[in-house]
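Taking it in order: structure first as C-alpha cells, then the write-up.
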Amino acid sequence: MSQKKTDILIIGLGLAGMTAAITAAKNGKKITIITKTKNIISGNTPKAQGGIVYKGLNDSPDKLKKDILKAGAGHCWEEAVDQLCNSGPKLVQEILINTLKTDFDKQGTNFKRVSEGAHSDARVIYNTDKTGKTIHEAALKHLQSLSNVEILTNHIAIDLLTFSHHSTISTDIYKKPACFGAMVLNKTNNIVVAMLSSKTILASGGLGQLFLHTTNPKEATGDGIAMAWRAGARCFNLHYIQFHPTALYHPSGRFLISEALRGEGGKLINTAGKEFMMEHHKQGALAPRDIVSRSIHMQMLKEDSDCMFLDITHKDKKWIKNRFPTIYSYCKTKGIDITSEPIPIVPAAHYNCGGIGVNLVGKTSLKRLYAIGEAACTGVHGANRLASTSLLECLVWGYFAGKDAIEDKDDANYFPPMHNWQQGKMSVDKAQIAQEWFTIKNTMWNLAGLIRSQGKLHAAMNILRNLQSEVEQTYQKSKLDNDIISLRNGAQTALAIISSSLEARESKGTHYVED
Ligand SMILES: Cc1cc2nc3c(=O)[nH]c(=O)nc-3n(C[C@H](O)[C@H](O)[C@H](O)COP(=O)(O)OP(=O)(O)OC[C@H]3O[C@@H](n4cnc5c(N)ncnc54)[C@H](O)[C@@H]3O)c2cc1C
C-alpha cells in the first residue's frame, strides 16, 4: 500500500471544498483536494441554476434570519443561522466578488437581485440560469493558480483513516477518536493510497442518487456521510430530504425545471390536461415546494402515471425562449419543444438538509475531521431549506473550516502506524451493482420518499439492512472500483436515513409522515 502525506486533505471539489482550499492555502500549507470524477467539473455546485443569497436593498441579517427560521420549521440552530446571516453577505463580497471576480448579472453598476419562494426581500444574485457553473469556474481558475494546492481528479475516497479502522495502537494522545486522512483509490492506475493528513475536510456533497428521481448528478451518492458514519462521527437530521417539485421526466435522466417557470404562470396539469393543484392548496402551483411535490406525487399515484406535466405554452414563443434559454434548449435536445407542448415532470430528491454534525467552524465529533457543504449538518436548514441558502452555507462553512484547519494545532503531526491493507480479488459484477442500485432507489422513493409512514419505513429498514450487509460482503471480496465503493456508500447512507426517519417522532418540514 502506498502512502502520501499532505497538510490538509479535502474530499470534494464543489464550492464548499474549494472555499476551504482557497482559505487554507493562504498560509502556504500543502493542500490536496480530490474528486472522484474524471471531469474537474463535478458535484451539485455547477448544477445550481437560481443564485446565491447576498443582500437586498432594504435587507438586514435579522430579516434573512427570520426567513430561514420560518422555512426550517423550528428545527434550525440559531447560532448557526446567525453566523450565516452575519458573515454570509461579507464573504460573498470578499471571496466571490473581490477575490474570484465572479460574473454576476448587473444592471448598470448594481447587481440584479431577485426574490425567491419564502424570501422577504430580493436578495439573491445570479448569473442567468447558470450561477453554480459561473461560481465553480471562477473558483477553479483561482485554485489552479495556487502552487501549494494540488487537485487530483479520478481519485475516490474509500474510508477515513482512524485508529479503529486501521491500527491496533491505542495511545494516550487521543482519548477521543480522531481522523488521520483517508484511504483513496486512484482510479487511473487502480492503486489504493493511504493519504495521511493533519486535517481532513469532508466536502463530498449530496445524496440525491439514493432516490429513483433526483436533480443531483451521478456522483451524489452520500459518500461523505457513509464514511463519517463508519468512522463513528455523529450525523444529524438525515431524515430531512428536500424534494424539488419539477424535474424533467425523460429516459436520459432528470433535469431541474426551475420554479421560475411556475412563477411566470406555468400550469401543472394532469394526464387529461387539467390543472390539479387548486385541489391541494389555495396557492395552487405556487404553494410551498414540499406541498407541490407531495401533490404531484399523489396525483401520479391516483392516475397510475409515471409523470405529470408543466405547461407554459400559453405564453409567447419568443418570450419563453428569451426568459428560459437553458431550459428551452435542454428540453429541445430531448425532443420536447416547451413553447408548443407540456413538459413531462416528476418531483425529485434535491437537497440533503441533514448530514455530518458540525460546529460553527465545521468540526465534527472526530478530532482532526471537518465536514462542510451539503455533506454537513450545520443546523442552518433545520427541517427545510430556504431557497439559495445552500451555496451561501458552502461559502461560510468552507471559509471557517479552512481557517480553523490552519490555526488549530491539535496533535496535527501525530500519525499512527498503518496496517497493511489488502483489497479483494473478485471482479465487480456490473449486473449485481445495477440490481442493488435499483433496489436502493426504488425502496427510498416508494417507502422513504415524499410520503412516509412507520409501516413503510420498517419495510424499508428490512430491505436495506439485508442489502447493506450483502453489499458489504461483496465490497470485502472485490477488487475495488468506483462502482462498488459508491454502492457501498449509497447502501450505508440509505440505511442511515431510514434509521434517522424511524427515530424522528414528529412529522415536520420535509419529513412528512402520514401516520
Ligand atoms: C439542480 C440543482 C440546482 C440547485 N440550485 C441551487 C441554487 O440556485 N442556489 C443554491 O444555493 N443551491 C442550489 N442547489 C444546491 C447546491 O448546488 C448544493 O447544495 C451545493 O452546490 C453543494 O456543494 P458542495 O460543495 O457541498 O458539494 P458538490 O458541489 O456536490 O461537490 C461534491 C464533490 O465531492 C466529490 N466526491 C463525492 N464523493 C467523493 C468521494 N468518495 N471521493 C472523492 N470525491 C468525492 C464530487 O465528485 C464533487 O467534486 C442546487 C442543486 C441542484 C442539484
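Ligands are counted one by one from 1 in listed order, and the atoms in each one are counted from 1 as well.
For atom 43 (C) of ligand 1, the nearest non-hydrogen atom from the set E393, E259, K38, H155 comes from H155.
For ligand 1, the atoms closer than 4.0 angstrom to any heavy atom of G373 are 26 (O). Close approach of ligand 1 to A203 is summarised as follows: ligand atoms under 4.0 Å from at least one heavy atom of the residue are 32 (C), 33 (C), 34 (O). Near N216, with a cut-off below 4.0 Å to any heavy atom, the atoms of ligand 1 are 53 (C). Under a 4.0 Å criterion applied to the non-hydrogen atoms of A157, ligand 1 contributes the atoms 40 (C), 41 (N), 42 (N), 43 (C).
Not a single N or O atom of L256, backbone or side chain, sits closer than 3.5 Å to an N or O atom of ligand 1. At a 3.5 angstrom cut-off on N or O pairs, N44 counts as close to ligand 1. Where the criterion is an N or O separation shorter than 3.5 Å, residue side chain and backbone included, G50 meets it with respect to ligand 1. Geometrically, ligand 1 and K36 share a nitrogen or oxygen pair separated by less than 3.5 Å. At least one N or O atom of A16 sits closer than 3.5 Å to an N or O atom of ligand 1. For ligand 1, one of its N or O atoms has an N or O atom of E374 under 3.5 Å away.
With sequence neighbours excluded, the residues forming a side-chain hydrogen bond (donor to acceptor under 3.5 Å, both in side chains) with D121 are K63, listed by chain and number. By the side-chain hydrogen bond (donor to acceptor under 3.5 Å, both in side chains) test, K441 pairs with Q209, sequence neighbours left out.
Annotation: atom 7 (C) of ligand 1 to nearest protein heavy atom, G51 O, 3.6 Å. The protein non-hydrogen atom at the shortest distance from atom 23 (O) of ligand 1 is T45 OG1, 3.2 Å. Annotation: atom 16 (C) of ligand 1 to nearest protein heavy atom, S390 OG, 3.8 Å. Given atom 51 (C) of ligand 1, the protein heavy atom at minimum distance is H350 CE1, 3.7 Å. Of the protein's non-hydrogen atoms, D223 OD2, 2.8 Å is the one closest to atom 41 (N) of ligand 1. Of all protein heavy atoms, the one lying nearest to atom 47 (O) of ligand 1 is T35 OG1, 2.8 Å. Of all protein heavy atoms, the one lying nearest to atom 48 (C) of ligand 1 is S42 OG, 3.4 Å. Nearest to atom 35 (C) of ligand 1 among the protein's heavy atoms is G12 CA, 3.7 Å.
Tested against K36, the residues T153, D223, N482, N154 include a single side chain to side chain donor-acceptor pair (under 3.5 Å) partner, D223.
A donor atom on one side chain and an acceptor atom on the other are not found under 3.5 Å apart for Q83 and E79.
Counting all heavy atoms, side chain and backbone alike, M18 lies closest to H136 at CE-CD2, 3.5 Å.
F243 has its ring centre no less than 6.0 Å from the ring centre of H297.
The number of heavy-atom neighbours closer than 6.0 Å to NZ of K70, taken from other residues, nucleotides and ligands shown, is 12 or below. In K334, the NZ atom is crowded: over 12 heavy atoms of neighbouring residues, nucleotides or ligands sit closer than 6.0 Å.
A salt bridge is absent between R113 and D105: the closest approach of a Lys/Arg side-chain nitrogen to an acidic carboxylate oxygen does not fall below 4.0 angstrom. Electrostatic pairing of E78 and K65 counts as a salt bridge here, judged by a charged N lying under 4.0 Å from a carboxylate O.
Under the 6.0 Å distance and 45° angle rule, R488 counts as a cation-pi partner of Y475.
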